[in-house]
Amino acid sequence: MQMEELVALCKRRGFLFQSSEIYGGLNGFWDYGPLGVLLKRNVKDAWWHDMLVGHNEQKLQPGAPSLYEMAGLDSTIIMHPQIWKCSGHYDLFHDFMVDCRESKKRYRYDHVKGRWVRGLKHGEGGQPAAEVRVFITTMDTENTENALKERAAHYFGLRKKDLDSLVWEGPLTEISTLGDLSQVLGPDAKHPGTLTEPREFNLMFKTTIGALGGEDDVAFLRPETAQGIFANFKNVCDSTRVKVPFGIAQIGKSFRNEITPRNFTFRSREFEQMEIEFFCYPGESADWYRYWRDRRFKWYTDLGLASEKLRLREHEQAELAHYSKGTADIEYAFPFLPEGDFGELEGVAHRGDFDLRSHMEGKLVREGDQLVLEKGPDGQPKHRGSGKDLTYYDDQRKERFIPHVIEPSSGADRATLAFLCEAYHVDQVPTAEKKEDAQRTYLKFHPRLAPVKAAVFPLVKKDGMPEIAGDIYGELKEKMSVQYDEKGAVGRRYRRQDEIGTPFCITVDGQTLQDGTVTLRDRDTLQQWRVKKDELMAELTDRLGK
RNA sequence: GCGGGUGUAGCUCAAUGGUAGAGCCACAGCCUUCCAAGCUGAAAACGAGGGUUCGAUUCCCUUCACCCGCUCCA
């Protein structure tokens with residue numbers, strides 16, 4: 001399948017438009033059109049229903065370690081700046097980067113390390129050898145000393161055994177301590193002085209609070225909805241009588257200054273998340289992690305994503321965030337990715353007690369296998385926590401503890417895009433002339449996700465058919481998203497509905513006038529059968545599912 | 001952020017240093033008794049800004065967006 005065709009269909013039929021298109025567009029931002037908003041809302045509603053509203057806390061869910069409760073939340077996009085300092089986003093998202101003009105590579109300023117070295121370098125083009133002093137760097141963290149020697153040997157044109165002629169000065173240090181990068185040999189460069197001055201990369205959107213806001217009033221647009229849940233953990237506990245284990249669900253916009261927005265809506269700077277923070281006993285957290293990982297995977301397949309295009313990928317130890325005891329990505333083989341590549345739809349992470357502890361004590365850092373408070377140069381906490389007690393007291397077990405957290409974090413736009421990609425189909429269908437089959441493009445949405453559930457047509461615009469069709473339309477409209485169309489040939493109307501993924505078309509014809517039945521047509525099979533007008537609603541409700 | 005490519009109606013494609021032409025779609029009507037392309041009518045574009053020129057969609061510069069490859073993706 002060609003991605004351009006889907007993108008074109010999305011625009012033509014009003015699923016997705018480029019943001020600010022009349023001004024030439026804005027990279028990394030997308031608008032949902034009339035059909036797109038219906039589709040995305042259906043995705044979010046399905047999630048909200050399946051995870052929260054429809055969850056029966058009295059019934060043991062398949063695969064769940066025990067009964068559990070769910071609660072909802074809608075927190076603000078702008079929160080207290082300290083939230084992001086304690087969560088780690090402020091430090092992590094606020095990097096200085098240097099670019100290498102020669103190798104075109106980009107490095108984190110604080111990751112490039114090296115040593116000064118002095119030695120004889122043979123001149124080029126017959127120039128006499130001269131002593132040079134250069135700061136040799138590497139990104140190799142495993143075998144730093146060896147890597148530096150190899151780079152030095154290469155630069156000075158020496159054999160390994162001749163390396164002793166070089167004079168190393170000072171300890172291994174970060175280039176950030178140098179001040180001047182003109183004598184620095186970049187990690188992948190052949191000549192010194194190719195690194196640019198460090199530039200600030202702020203992955204969080206900055207804003208100011210108050211009409212006169214200055215530097216002191218800086219705030220950030222949230223890069224994830226999760227922190228709003230942690231910040232309200234105590235409020236939810238105190239106001240809803242929920243007991244551990246329970247989850248808090250939230251849907252909302254988040255913002256990240258992606259360096260390279262690309263691939264349609266896949267990597268957008270403004271996007272929407274569907275997140276759950278699930279709080280449980282530390283001892284049961286591993287079981288809950290597995291439950292949520294598998295449950296979330298199944299949610300996508302239940303809504304129509306083909307399991308062979310989906311992948312559950314457990315992160316390697318090295319890939320895990322410093323606080324996580326396990327993370328799995330649910331990934332989809334998007335058609336715009338190279339063959340065999342998958343793109344993340346959702347991450348399910350075991351976050352331990354990192355988040356609640358951070359908001360109590362302050363920003364944490366790993367020390368051995370412990371998380372400890374990160375201190376600044378003055379010995380004080382680098383980022384102070386709220387100081388509030390976010391522990392949980394279980395009056396049955398008579399114990400107080402910090403709940404551990406399982407976080408299934410899903411991208412609403414990515415899920416919507418995956419459902420669109422999966423739905424896109426082209427097939428051959430017979431034509432009225434019965435000569436040759438014609439190509440048909442249709443979107444094979446799961447009925448729960450289809451933006452329009454049914455369309456109502458009079459076969460022709462006379463003999464009272466439009467009136468009957470209009471009545472049926474009015475009746476259905478009360479309950480579901482339907483369209484009415486009486487224009488042009490009926491075949492064309494079917495095709496139009498196919499292209500926007502409407503599962504069923506209802507046609508009023510001559511026989512309707514006789515016996516009160518209408519035809520019901522299936523989008524995928526093109527099959528038709530007759531249904532009594534009065535039984536239409538029941539028939540449709542049954543076939544559409546929830 | 002770097003390199004390469006692209007940019008004319010919603011889509012596909014024309015033409016031109018002298019005020020842009022068509023097909024399809026969509027729209028209004030007609031005709032149509034079950035799977036798009038029958039008739040009539042109307043509408044609709046040179047991505048943006050600047051320069052050269054009497055005159056720029058065309059030449060030059062800048063910029064924006066999209067695609068491909070790197071880079072980045074906490």
Side-chain angles (χ1 to χ4, degrees), chain A residues 2-5 7-14 17-29 33 84 87-95 97-108 188 196 199 201-204 223-224 256-264 266-269 319-324 329 336 338 343-344 347 349 427-434 436-442 457-463 465 486-499 505-513 518-523 525-528 530:
Chain A
Q2 288 299 303
M3 195 61 197
E4 301 89 81
E5 289 167 22
V7 174
L9 188 151
C10 282
K11 176 165 188 195
R12 188 169 68 244
R13 293 303 192 187
F17 308 123
Q18 197 175 13
S19 167
S20 318
E21 194 186 318
I22 60 168
Y23 285 105
L26 192 60
N27 194 348
F29 297 89
W84 308 112
S87 72
H89 289 87
Y90 181 82
D91 292 340
L92 266 172
F93 276 41
H94 196 101
D95 287 333
M97 311 285 282
V98 290
D99 290 303
C100 177
R101 297 186 192 93
E102 184 186 311
S103 68
K104 306 294 181 198
K105 287 187 187 294
R106 172 175 295 154
Y107 314 97
R108 269 180 61 172
D188 299 285
T196 61
R199 281 179 290 192
F201 271 62
N202 208 329
L203 267 24
M204 281 198 290
E224 63 171 32
R256 296 179 193 182
N257 267 317
E258 296 285 356
I259 293 169
T260 314
R262 214 173 265 197
N263 288 330
F264 208 20
F266 184 77
R267 180 161 292 141
S268 300
R269 288 182 166 141
E319 199 181 348
L320 293 177
H322 64 283
Y323 47 77
S324 180
D329 283 346
F336 48 76
E344 180 183 346
D427 67 358
Q428 302 291 320
V429 295
T431 61
E433 291 82 34
K434 309 257 190 278
E436 272 177 60
D437 284 359
Q439 184 170 297
R440 174 180 78 133
T441 301
Y442 68 111
F457 310 145
L459 185 58
V460 288
K461 208 164 50 175
K462 59 182 183 187
D463 299 341
M465 292 181 203
E486 58 176 28
K487 305 263 172 59
V490 73
R492 190 184 308 182
R493 288 178 260 161
Y494 286 138
R495 293 300 172 76
R496 254 198 292 261
Q497 294 300 327
D498 290 340
E499 209 178 30
C505 290
I506 296 144
T507 304
V508 172
D509 60 9
Q511 196 177 328
T512 311
L513 309 171
V518 295
T519 64
L520 197 54
R521 169 194 180 267
D522 181 88
R523 173 195 64 200
T525 64
L526 306 182
Q527 284 183 338
Q528 284 182 296
R530 300 203 74 88

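Order of the sequence lines sets the chain letters (A, B, ...), proteins ahead of strands, with each chain counted from 1.
Taking the C1' atom of each, A56(B) and A20(B) are spaced 13 Å apart, rounded to whole Å. Nucleotides A15(B) and A9(B) are separated by 15 Å at their C1' atoms, to the nearest Å. Atom C1' of C11(B) sits at a distance of 16 Å from the matching atom of C27(B), rounded to the whole Å. For the C1' atoms, the distance linking G49(B) with C25(B) amounts to 32 Å, nearest Å. Atom name P, nucleotides A22(B) and A43(B): the rounded distance is 13 Å, in whole Å. Taking the C1' atom of each, G1(B) and U8(B) are spaced 31 Å apart, rounded to whole Å. Spacing of C1' atoms, G5(B) relative to G21(B), comes out at 27 Å, to the nearest Å. Look at the C1' atom in both A36(B) and A26(B): the space between them is 13 Å, to the nearest Å.
Straight-line distance from the CZ atom of Arg12(A) to the P atom of C25(B): 12 Å, rounded to whole Å. If you take CZ of Arg493(A) and P of A37(B), they are 12 Å apart, rounded to a whole angstrom. C68(B) atom P lies 6 Å from atom CG of Asn263(A), rounded to whole Å. Between the CG atom of Asp509(A) and the C1' atom of U32(B) there is a distance of 15 Å, given to the nearest Å. In this structure, Glu4(A) atom CD and G5(B) atom C1' are separated by 13 Å, rounded to whole Å. Note: CZ (Arg523(A)) to P (A36(B)) measures 19 Å, nearest angstrom. One atom, CZ of Phe17(A), and another, P of C66(B), lie 16 Å apart when rounded to the nearest Å. C11(B) atom P lies 13 Å from atom CG of Leu9(A), rounded to whole Å.
Both distances falling under 3.5 Å, in either a Watson-Crick or a G-U wobble arrangement, place A65(B) opposite U6(B). Nucleotide C72(B) is matched to nothing when pairs are restricted to Watson-Crick or G-U wobble geometry with both distances under 3.5 angstrom. Using the Watson-Crick or G-U wobble rule with both distances under 3.5 Å, C39(B) pairs with G29(B).
Asp509(A) places a side-chain N or O within donor-acceptor distance of the main-chain N or O of Gln511(A), the cut-off being under 3.5 Å.
Residue side chain Arg495(A) reaches the base of A36(B) through a donor-acceptor N/O pair under 3.5 Å, judged by distance alone. No N or O donor and acceptor, one from the side chain of Arg13(A) and one from the base of G10(B), sit under 3.5 Å apart. Remark: the Tyr494(A) side chain and the C34(B) base include a donor-acceptor N/O pair separated by less than 3.5 Å. Counting distance only, with no hydrogens placed and no angle test, the side-chain atoms of Arg521(A) and the base atoms of C35(B) include a donor-acceptor pair under 3.5 Å.
Taking for each of Arg440(A) and Ala489(A) the nucleotide of RNA chain B with the nearest heavy atom, the 5'-most of the two is the partner of Ala489(A). Projected onto RNA chain B by closest heavy-atom contact, Glu344(A) and Arg492(A) fall at different nucleotides, the more 5' of which corresponds to Arg492(A).
When all heavy atoms of Arg269(A) and Asn27(A) are compared, the closest pair comes out as NH1-O, 3.6 Å. In terms of heavy-atom proximity, Leu526(A) sits nearest to Arg521(A) at CD2-NH2, 3.0 Å. Here the closest heavy-atom approach between residue Arg493(A) and residue Gly488(A) is recorded as NH2-O, 3.0 Å.
Here the nucleotide nearest the side chain of Lys462(A), chosen from U32(B), C35(B), A26(B), is U32(B). With distances taken from any side-chain atom of Arg267(A) to the nucleotides C72(B), C34(B), U33(B), the minimum falls on C72(B). Side-chain atoms of Asn27(A) lie closest to C66(B) of the nucleotides C66(B), A37(B), U32(B).
The side chain of Gln18(A) contributes no N or O atom lying less than 4.0 Å from OP1 or OP2 of A65(B). Between G29(B) and Lys461(A), no contact under 4.0 Å exists linking OP1 or OP2 to a side-chain N or O. Of the side-chain N and O atoms in Lys487(A), one or more sit less than 4.0 angstrom from OP1 or OP2 of A28(B).
Ionic pairing of Arg440(A) and Asp427(A) is present here: one or more N-O contacts between side-chain nitrogen and carboxylate oxygen are shorter than 4.0 angstrom.
Using a 4.0 Å heavy-atom criterion, one finds that Asp463(A) contacts the bases of the nucleic acid, with or without backbone contacts as well. Nucleic acid contact class of Arg262(A) (heavy atoms, under 4.0 Å, all strands): base.
For Tyr442(A), the ring-ring contact (aromatic ring centres under 6.0 Å, His included) partners are His425(A), not counting sequence neighbours.
Between Phe336(A) and Phe264(A), the gap from one ring centroid to the other reaches at least 6.0 Å.
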